[in-house]
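Contents: one structure, followed by commentary.
For ligands, and for the atoms within them, numbers begin at 1 and follow the listed sequence. These numbers come from the heavy atoms of this one structure, side chains and all, not from hydrogens, waters or symmetry mates.
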Amino acid sequence: MTTKKHLMTVHKHDFAAERAATSFALSSSVEQSPAKEELVRAYRTMFTARTMDEKAMILLKQGKIHFHIGGPGHEACQVAAALALRPGHDWAYPYYRDLAFALHYGSTPYEIFLESMHRLGGPSSNGRQMPAHYGDKALRMPAQSSPTGTQFLQAVGTAMGAVKEGTDEIVYVSSGEGATSEGEFSEALNWACRGRYPVVFLIQNNGYAISVPVKDQIAGGSIAELVSGYPNLLRFHVDGTDFLSSYKALREAVVHTRSGLGPSLIEADVVRLFPHSSSDDARKYLVAEELERNRLRDPLPKMEQWLLEEGILPEAELDELKSDVRREVNEAAERAEAQPSPAAETAERNVYSPNIVVPHETEFHPAREGKNIVMVDAINHALHEEMGANPKMLVYGEDVAGNKGGVFTATKGLTAAFGESRAFNSQLAEASILGTAIGLAIRGFKPVVEIQFGDYIWPSFMQFKDELVQLRYRSDGNFSCPVVVRVAVGGYIRGGLYHSQSIEGFFAHMPGLWIAMPSNAADAKGLLKTACREENPVLFCEHKGLYRQGFASTPEPDEHYLLPFGKAKVKTEGTDITVVAWGMMVQRSLEAAKKLERKGVKVEVIDLRTISPWDRETVLTSVKKTGKVLVVHEDTRTGGFGGEIAAVVAEECFRWLDGPVMRVAAKDAPIPFAPALEAAILPQESDITAALEKLAAF
Ligand SMILES: Cc1ncc(C[n+]2csc(CCOP(=O)(O)OP(=O)(O)O)c2C)c(N)n1
């Protein structure tokens, strides 16, 4: 074998020169020192945070709180960040160690103790989230979750929204150095740098992610160095235990980012003076000398010393401040403890929005006479109409923009009609699509995004499960993100293992999410228009085998036609057996029903239309009439949504049943490419007919 010479010229990037030009050195153009009273206020917050962390450990021992994750050692850079921002104008996505940030940004010790003690009235979660997950609507601080790293893309989405609205708001997002190893961090930086979006990333490097040292986490040991190749990114690497250095960097970053020049990243070297959390014992992985070294870098005595030396805070005033803060913290804890915890009856509140925007089907008027429309065009028209009606609606995803209009043309013409700011391409990253959409929706946009294939939705799974469907719940209704995710699903198109999957069963397992799966053009249009108006997040499954299918084409409903979620359609009435189906399986079931009809068996076929919520009433009423039921779905049998329907029918209709509750579904296998193999795995009309014959015989 001959060794090929490298044919590519590697472009050498002069990192050293670029670094000198764009970062690390602080410019003198920005006012760099806060006023004296600001310095005292900053110290007061740092001391308050520390006192609260210590108090939390006492409350923990007393059994009054059950978990604590504190920020001792991180206070200086956090307060510096809050001081540099404009609370209530800017947006903040703090992380669990950001107690000092939250306090200086406007949260009070009382409010934070309410959350630590899961009491009513906390501004973040009303007793739903664990302690140290900050949030407050008035402060534009979305109630935080626990996954390390999901906050980055949401922050980028919120920043995109600021640019779209032409404001000078910026978005603060923070994490430890460990969280930067999550892929979403790189996706967020890429997106923020591509669009010069106003995000300030504060990475607080305390040397450890629980027990994992930086050397096992970050190539080269510094995240500010590692990201040096990103264009438009202003970077700083500072001593985060030093308030003034931190403030100078944060202030310059904020001024730069607010002026529209692009995002900034500050790596603040800090120390973690407590174990990772109250469940951790740092002595298992930190030697005594290191603990001592960390103690010597404690930001609090450093700041205190400096304030004394500079004569900014004389000793007597310092002592008074400290006793004041201690009293304030103790009182706040006592007041919080006296508040009630949420009642059990409220446990299911705000899983879904209580407000149903489209409760009934509107009258069907055809858009034009005598012509059918295929499903993909009906979807396209729904998007056009809804974007026209709602200036806050955005459409984006992979390949959706311009003349291409998506790989299935569902978004054709949207960029031409509504401009690049409202219909645009995303980067090829599904978590990015979801994460940014959440950040946009939080600030009032209506993102209707596209995931190209259900088979590739999985990188966005954590944004779905832990964020999209839980924000309303975890903030007890204070925040929501009613994003619509359109996704092409399903098989029978010779798409092989990775262009054929059915996904609704996985997503049906997510309380908080609505799921649609229409079987024809008119339903697709009516349901998608509803999805664009509703307040719950929606997964809109579009069967790509139906996009241009003749039997799924229908007269096009006009722009006023809306179909509610949770209302099934009885496609053919019958008295002997009920079939429950959705998506591609509706047509197959109707064909099978015709065959049975010829044999004198009257089959009632129900098109479920939406999986979540699903129309129990129509299904149960039908089964009580027929006494027999067959659930048909394209997804694999085990764990498919049919199991859920079967279980409910068994529970609710036991007395009416004259035969076993049966299912037809795909075999428990991937979907192969070769025609004979594909046909052997996916359910066929003959399988449905056979199952109906079996049921009829009971
Ligand atoms: C996605 C995800 N994986 C794992 C965890 C468990 N976890 C919580 S905090 C943490 C370490 C984070 O370290 P770092 O980002 O450096 O922040 P630090 O806690 O050191 O301030 C881990 C692994 C999580 N919350 N989310």
Worksheet item: Which pairs with one or both residues in residues 97-125 pass ring-ring contact (aromatic ring centres under 6.0 Å, His included), sequence neighbours excluded?
Response: His66-His118, Phe101-Tyr105, Phe101-Tyr172
Worksheet, complete the sentence: Those residues at least two apart in sequence (or on a different chain) that pass side chain to side chain contact (heavy atoms under 4.5 Å, CB included) with Asp635 are Ser502, Glu504, His633
Worksheet entry | Cationic N near anionic O, under 4.0 Å, Arg272 to Glu290 | no
Worksheet item: If you look only at pairs with a residue in residues 131-141, which of them pass as a side-chain hydrogen bond (donor to acceptor under 3.5 Å, both in side chains), with sequence neighbours excluded?
Response: His133-Ser146, Arg140-Glu169
Discussion item. Please find the pair of heavy atoms, one from Gln151 and one from Thr148, that lie closest to each other, and give the distance.
Written reply: OE1-C, 4.1 Å
Item to complete: Using a strict cut-off of under 4.0 Å between a residue heavy atom and any atom of ligand 1, list the qualifying protein residues by chain and number.
Response: Tyr95, Tyr96, Arg97, Ser146, Pro147, Thr148, Gly176, Glu177, Gly178, Ala179, Glu182, Asn206, Tyr208, Ala209, Ile210, His276, Met462
Item to complete: Start with the C-alpha gap between Met303 and Glu75, add the side-chain angles, then the distance that decides, and say whether side-chain contact (heavy atoms from CB on, under 4.5 Å) holds.
Response: CA-CA 10 Å; Met303 175 85 165; Glu75 295 97 338; over 6 Å; no
